[in-house]
Amino acid sequence: MKKLVALAMSTVLTMSLAACGGAASNTASSGTAPASDANANAAATTGAKPYIAIVSKGFQHQFWQVVKAGAEKAAADNNVEITFDGPPTESDIAIQVDMLKSAMDKKPAAVCLAALDTESVKEQLNACKTAGIPVIGFDSGVPNAPEGSIYATASTDNKAAAAIAAQQLFDDKEFKAAFDAATPSAPITVAVLSQDATSESIISRTSGFLDKLVELCGADNIKIEGHDKYAKAADKAKLDILVNIPATTSAADQKTGAEMLLSKNPIAIYGSNENAAGGILAASNDGADFADGAKYANIIAIGFDAGKTQRTAVQNGWFLGSVTQDPYQIGYKSVELAVQAIAGKPAASAVVDTGAKWYNAQNLSDPMISDLVYE
């Protein structure tokens, strides 16, 4: 973001809430709020503002600043107090654990947590469960948390988000013309770069894109190859989807995977997260090779997430566009869920979708979009 979040969000916060999207793999509670104990929920019963402790995966990254802005607005709307902490980087597991311990020492009425490592916070999760302090997961949540320790999770529905990318590709006039002209003897290719085949969020962002294209283009018209997890046979396919999963998640391997896919001269290429999109960018001169008259001018590039280089590529029109999560709603809805839990209301769903947005060169100047596309 080109402005501090505190300034950038000031014109957005009120409008954003007029509408008030990795889904985490959590072990949800039975759907009822944990029973409150006298210490943990004293504020809720004495009339003072309930205190909610929020511990994120990080703090310096602009993504978390927007999450924080959403949480602060929800706190103001719901008359609660919050603290928002996060370690300097997303590898500082021990620091996050210490932050969680410090937050619990303040006897919160609820905790919102995006865990860096579930195993490292199991002791605190079990302590919250015993004390009747509801824990709300957010962003990637708390995967494989102890049973009954998580009230609900506010996160992106990654399959639905990836389907947005597929729909935008299908609606593109160049893609439609190529698809309509394709035949089983002269098929077109769509390339998909997927960071890995183990992360639930990445799998969902890959299968969501593939499933939507199959729905839109017709199952009989599509063959999927490149990886057994997604393979689909079709005798008379006129669209061949080639999925590449690099050997590792390293930037070098992502670039190599992208180069392989681009060498197949696909009609389009999709990167299923920031790392995969980064591989495509690295293999295309930061996206400039997709410009008119450039090396890959006939290839439609689509990304996921954001980052400065990807944002620039979209802004310049080198990418058709990308899908961004909505970090503002992640923060807002996590506090909303905490307020519901404190009130003893059952969780309507184990996972609450915080939505996702499509951004391109045409709408990136809109503050409602721009402030979600972190750098």
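Bear in mind that the values here come from a model prediction, so they are computed numbers and not experimental data.
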Does any part of the side chain of [Y], heavy atoms only, come nearer than 4.5 Å to the side chain of [X], both counted from C-beta?
X	Y	answer
Asn265	Thr189	no
Met99	Ile95	yes
Glu72	Phe84	no
Leu113	Gln96	yes

Minimal non-hydrogen separation, [X] against [Y], with atom names:
X	Y	answer
Ala258	Gly279	CB-O, 3.4 Å
Ala361	Val314	CB-O, 3.4 Å
Val142	Ala115	CG1-CB, 4.1 Å
Cys112	Val335	SG-N, 4.5 Å
Phe290	Trp318	CB-O, 3.1 Å
Ala178	Ile267	CB-CD1, 3.8 Å

Under a 3.5 Å distance rule, please check whether Asn360 uses its side chain to pair with a backbone N or O of Asn363 as donor and acceptor.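 Present.
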Check: So, the side chain of Ser263 versus the backbone of Met260: is there a donor-acceptor pair under 3.5 Å, distance only?
Finding: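 Yes, the answer is positive, given that a donor and an acceptor are paired below the 3.5 Å cut-off.
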Only pairs under 3.5 Å count here: list side-chain donor-acceptor contacts from residues 247-256, not counting sequence neighbours, and write none if there are none.
residue	atom	partner	partner atom	Å
Thr248	OG1	Ser250	N	3.1
Thr248	OG1	Ser250	OG	3.0
Thr248	OG1	Asp253	OD2	2.5
Ser250	OG	Asp253	N	3.2
Asp253	OD2	Thr248	N	3.3
Gln254	NE2	Thr248	O	3.1
Thr256	OG1	Ala252	O	3.0

Find the distance between [atom1] ([X]) and [atom2] ([Y]) and round it off to the nearest 0.5 Å.
X	Y	atom1	atom2	value
Tyr359	Ile164	OH	CD1	12.5 Å
Asn126	Lys122	CG	NZ	8.5 Å
Leu320	Ile269	CG	CD1	13.5 Å
Asp117	Ser91	CG	OG	12.0 Å
Lys264	Ile299	NZ	CD1	12.5 Å
Ile300	Phe175	CD1	CZ	7.5 Å

Angle between ring planes, Trp64 versus Phe138, binned at 30° and 60°: parallel, tilted or perpendicular?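 Taking Phe138 first and then Trp64, their aromatic rings stand perpendicular (interplane angle over 60°).
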Taking only distance into account, with no hydrogens and no angle test, what donor-acceptor pairs under 3.5 Å do side-chain atoms of residues 231-239 form with protein atoms, sequence neighbours excluded?
residue	atom	partner	partner atom	Å
Lys232	NZ	Ala219	O	2.6
Lys232	NZ	Ile222	O	2.9
Lys238	NZ	Phe179	O	3.1

| field | Passing option when Asp171 is tested against Gln167, Gln168, Lys173 for side-chain hydrogen bond (donor to acceptor under 3.5 Å, both in side chains) | value |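 One option only clears the test, and that one is Gln167.
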Does a sphere of radius 6.0 Å around CG in Asp292 hold more than 12 heavy atoms from other residues, nucleotides or ligands, not counting ones at 6.0 Å or beyond?
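Result for CG/Asp292: open.
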For Ser322 and Arg311, which I'm curious about, is there any donor-acceptor pair between the side chains at under 3.5 Å?
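No.
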Can you list, pair by pair, the side-chain donor-acceptor contacts under 3.5 Å of residues 209-218, counting residues two or more places apart and other chains?
residue	atom	partner	partner atom	Å
Asp211	OD2	Lys159	NZ	3.2
Lys212	NZ	Glu215	OE2	3.2

Using side-chain contact (heavy atoms from CB on, under 4.5 Å), reason through Asp305 and Arg205 one step at a time and then give a plain yes or no. CA-CA 11 Å; Asp305 289 326; Arg205 292 181 187 186; 2.9 Å; yes
